[in-house]
Amino acid sequence: MHYERYKMKKEKLLVIFNLILIPFCSYLFVLKGDIYKDTLSTIGSSKENQIYLIIWGICICIFFGFCINDLMKRFAIKSKLIKVFMVISCLFLILTVCIPYLPDTKPTIANIHLICAYFGILLIIITLYVFAFIIKNSYKSIYKKIILYLNILVISCILLYFLTMSSGFLEIVIVDGMSVLLYLITIWHRKYLLIKNTKIIF
């Protein structure tokens with residue numbers, strides 16, 4: 001009984017964070033600048049916004065790390081590769097928000113900031129692709145859904161970038177898209193188990 005209550009509370013927290021807080025907070029942060037002209041880096045480079053960028057980045061890393069760890073438990077996966085990718089991606093993202101983006105006065109540091117940002121996002125995407133391929137044999141239906149979602153997200157981001165030329169808008173789409181995907185995987189897993197248990201009964 002206590003375990004079931006714990007699971008229900010965790011599900012509610014995932015809904016609140018994945019579908020409400022992460023997208024909403026990301027959007028609010030972008031509103032501090034021009035979503036079509038500014039990137040998260042340029043918005044967060046000002047002194048008044050830098051602390052918000054750092055807090056936002058660290059919270060995103062903690063949350064994504066928690067979600068990946070939760071999924072590994074749900075799917076009974078023990079993969080050092082996923083953990084290594086996740087840790088490295090979080091380190092890159094934390095470095096990104098902590099290193100100021102000042103291309104006019106500190107171009108070298110600004111380039112390091114950009115490198116960390118690109119590698120951080122790229123490794124999160126790769127982490128989910130690796131996760132999908134690991135569960136391929138045991139959860140084929142979920143594997144197909146994850147791959148389809150990731151492919152659509154990646155292609156959409158590429159098209160959006162060329163249409164809007166706004167990396168700020170792109171960053172929000174990626175972060176929010178990943179947040180929604182992490183929640184969807186928990187839903188797909190729950191439905192998979194429900195169908196499997198129903199078949200066993202009958």
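Residue indices begin at 1 and follow the sequence shown.
Under the 4.5 Å side-chain heavy-atom criterion for ILVMFWY residues, no single connected hydrophobic cluster contains both I152 and I185. Under the 4.5 Å side-chain contact rule for hydrophobic residues, I77 and L81 share a cluster. By the rule that hydrophobic residues join a cluster once side-chain heavy atoms approach within less than 4.5 Å of another member, V87 and Y118 end up as members of separate clusters. Both Y192 and L181 belong to a common hydrophobic cluster when Ile, Leu, Val, Met, Phe, Trp and Tyr are linked at side-chain heavy-atom distances under 4.5 angstrom. Taken together through direct or relayed side-chain contacts under 4.5 Å among Ile, Leu, Val, Met, Phe, Trp and Tyr, M86 and F119 form part of one hydrophobic cluster.
One finds the OH atom of Y183 at 3.5 Å from the CD1 atom of I187 (value rounded to the nearest 0.5 Å). The CH2 atom of W188 lies 5.0 Å from the CG atom of L184; values are rounded to the nearest 0.5 Å. The CG atom of D70 sits 10.0 Å away from the NE2 atom of H189 when rounded to the nearest 0.5 Å. Atom OG1 of residue T186 and atom CZ of residue R74 lie 5.0 Å apart, to the nearest 0.5 angstrom. Taking NZ of K106 as the start and NE2 of H113 as the end, the distance is 13.5 Å to the nearest 0.5 Å. Interatomic distance, I146 CD1 to L153 CG, rounded to the nearest 0.5 Å: 13.0 Å.
K83 NZ: 12 or fewer foreign heavy atoms inside a 6.0 Å radius.
Other members of the hydrophobic cluster containing L95, listed by chain and number, are I99, I109, I112; membership follows side-chain contacts under 4.5 Å among ILVMFWY residues, whether direct or relayed.
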Anything under 3.5 Å between a donor and an acceptor, one on a side chain of residues 58-68, the other on a protein residue two or more places apart or in another chain? List them.
none

Listing, residues 120-143 side-chain donor-acceptor contacts under 3.5 Å, not counting sequence neighbours, or none:
residue	atom	partner	partner atom	Å
T127	OG1	L123	O	2.6
Y129	OH	N151	OD1	2.6

